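Here the structure is a predicted model, which means the values were calculated and not measured.
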Amino acid sequence: KYDLYQLNVLESNAKCIKTKEVNHIRTTLCVHSSSIDYTSYKISTEGIKEEELVSSFLEVLNKTKNCLAIDIGTHVGLFTLFAAKLGKQVISVEPFHDNIIRLQKGAELENIRDKIVLLKYAVSKKKNEKVLLSPHKNIADKLFNRLDIKMVFMEWDNLRKKTDLIKEINEMIDFLVERNYVPFDPIKNRRLNLSEWKNKWGIDVVWKKTNKIS
């Protein structure tokens, strides 16, 4: 667990930006240089990245009382800080210090550090090392068994391009389907065909938990 109240100093040229309003909510994001980070570029120039997805995410949280948001791969805190600003408790997982201090500063400026538990975890200590995890042998199995996870928002566009991971992607899909999760387009709220994940699913996917798959 990382202490968000400990002293950290951003580099002097770091920018903290008030975001565009999404679902009547704005927050503050502290970004990287636009020349080295695409997410920071979009936030710097447009005030938001993936606005429709953020809106869909906030709608789900707003409709679900007493829920906990888990943000794995937080980056500078786009989803974490919007969720916390909405008043939700968030578990945020991010390994990189440069991202963490930006999340920390954004949470401090918005006075929402008490809403966030930050875990400084990574799959590997080595940059670019590929570690394949079977879902039945890692923390995902325990997590899904212990918690009533209603939805999983997932970036899909880059994942489906990894042709060397087709077996693992199919195992992940089976893992979710076995637990009664159904894939939907998060923007159009349209159910997706499981057999079309390689070429017809969009940039992002939301897996919704159902009582029974029909």
Heavy-atom check, side chain of [X] versus side chain of [Y], under 4.5 Å:
X: D141; Y: F175; result: yes
X: K208; Y: R191; result: no
X: C30; Y: V76; result: no
X: V117; Y: K1; result: yes
X: W207; Y: P183; result: yes
X: F144; Y: K209; result: no
X: M154; Y: L176; result: yes
X: V205; Y: W197; result: no

Hydrophobic cluster membership, with links at side-chain heavy-atom distances under 4.5 Å among I/L/V/M/F/W/Y: are [X] and [Y] in one?
X: I72; Y: V152; value: yes
X: L147; Y: L119; value: yes
X: F96; Y: I116; value: no
X: L109; Y: I112; value: no

Is the count of non-hydrogen atoms from other residues, nucleotides or ligands lying under 6.0 Å from [X] atom [atom1] greater than 12?
X: E52; atom1: CD; answer: no
X: Y38; atom1: OH; answer: no
X: Y41; atom1: OH; answer: no
X: K105; atom1: NZ; answer: no
X: K18; atom1: NZ; answer: yes
X: I203; atom1: CD1; answer: no
X: N145; atom1: CG; answer: yes
X: N66; atom1: CG; answer: no

Work out which heavy atom in [X] is nearest to a heavy atom in [Y]; give both atom names and the distance.
X: D98; Y: I101; result: O-CG1, 3.5 Å
X: K115; Y: G87; result: NZ-O, 3.5 Å
X: K120; Y: P95; result: CE-O, 3.5 Å

Using only atom types and a distance under 3.5 Å, with no angle test, would you say the side chain of [X] pairs donor to acceptor with the backbone of [Y]?
X: E21; Y: R26; value: no
X: S56; Y: P186; value: yes
X: N170; Y: I166; value: yes
X: E94; Y: G77; value: no
X: S92; Y: L118; value: no

Distance (rounded to the nearest 0.5 Å) between [X] [atom1] and [Y] [atom2]:
X: T80; Y: D71; atom1: OG1; atom2: CG; result: 3.5 Å
X: L165; Y: M172; atom1: CG; atom2: CE; result: 10.0 Å
X: K15; Y: S40; atom1: NZ; atom2: OG; result: 9.0 Å
X: L61; Y: M151; atom1: CG; atom2: CE; result: 9.5 Å
X: T74; Y: I100; atom1: OG1; atom2: CD1; result: 8.5 Å
X: E168; Y: K162; atom1: CD; atom2: NZ; result: 12.0 Å

Could you please spell out the steps behind the side-chain contact (heavy atoms from CB on, under 4.5 Å) verdict for T39 and V31?
CA-CA 8 Å; T39 294; V31 297; over 6 Å; no
Decide salt bridge (charged side-chain N to carboxylate O under 4.0 Å, His left out) for K200 and D185; before the verdict, give the C-alpha distance in whole Å, the side-chain angles of both, and the deciding distance to 0.1 Å.
CA-CA 11 Å; K200 292 190 177 180; D185 182 313; over 6 Å; no
Is the distance between the ring centroids of F79 and F57 under 6.0 Å?
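Close enough - the centres of the two rings lie under 6.0 Å apart.
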E50 vs K42, side-chain contact (heavy atoms from CB on, under 4.5 Å): CA-CA, chis, key distance, verdict:
CA-CA 9 Å; E50 298 181 302; K42 294 289 284 186; over 6 Å; no
Does the side-chain contact (heavy atoms from CB on, under 4.5 Å) test come out yes or no for L81 and E110, once each step is laid out?
CA-CA 9 Å; L81 292 169; E110 292 289 347; 5.8 Å; no
Whether R113 and D3 form a salt bridge (side-chain N of Lys/Arg under 4.0 Å from carboxylate O of Asp/Glu) is what I want to check.
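No, this pair does not count.
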Between the side chains of S55 and N23, is a donor N or O closer than 3.5 angstrom to an acceptor N or O?
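Yes - a donor-acceptor pair under 3.5 Å links their side chains.
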The test is side-chain contact (heavy atoms from CB on, under 4.5 Å); show your working for F82 and T19 and say whether it passes.
CA-CA 10 Å; F82 265 104; T19 65; 3.4 Å; yes
Aromatic plane relationship, H75 with H32 - under 30° parallel, 30 to 60° tilted, over 60° perpendicular:
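Rings of H32 and H75: tilted, as their planes differ by 30° to 60°.
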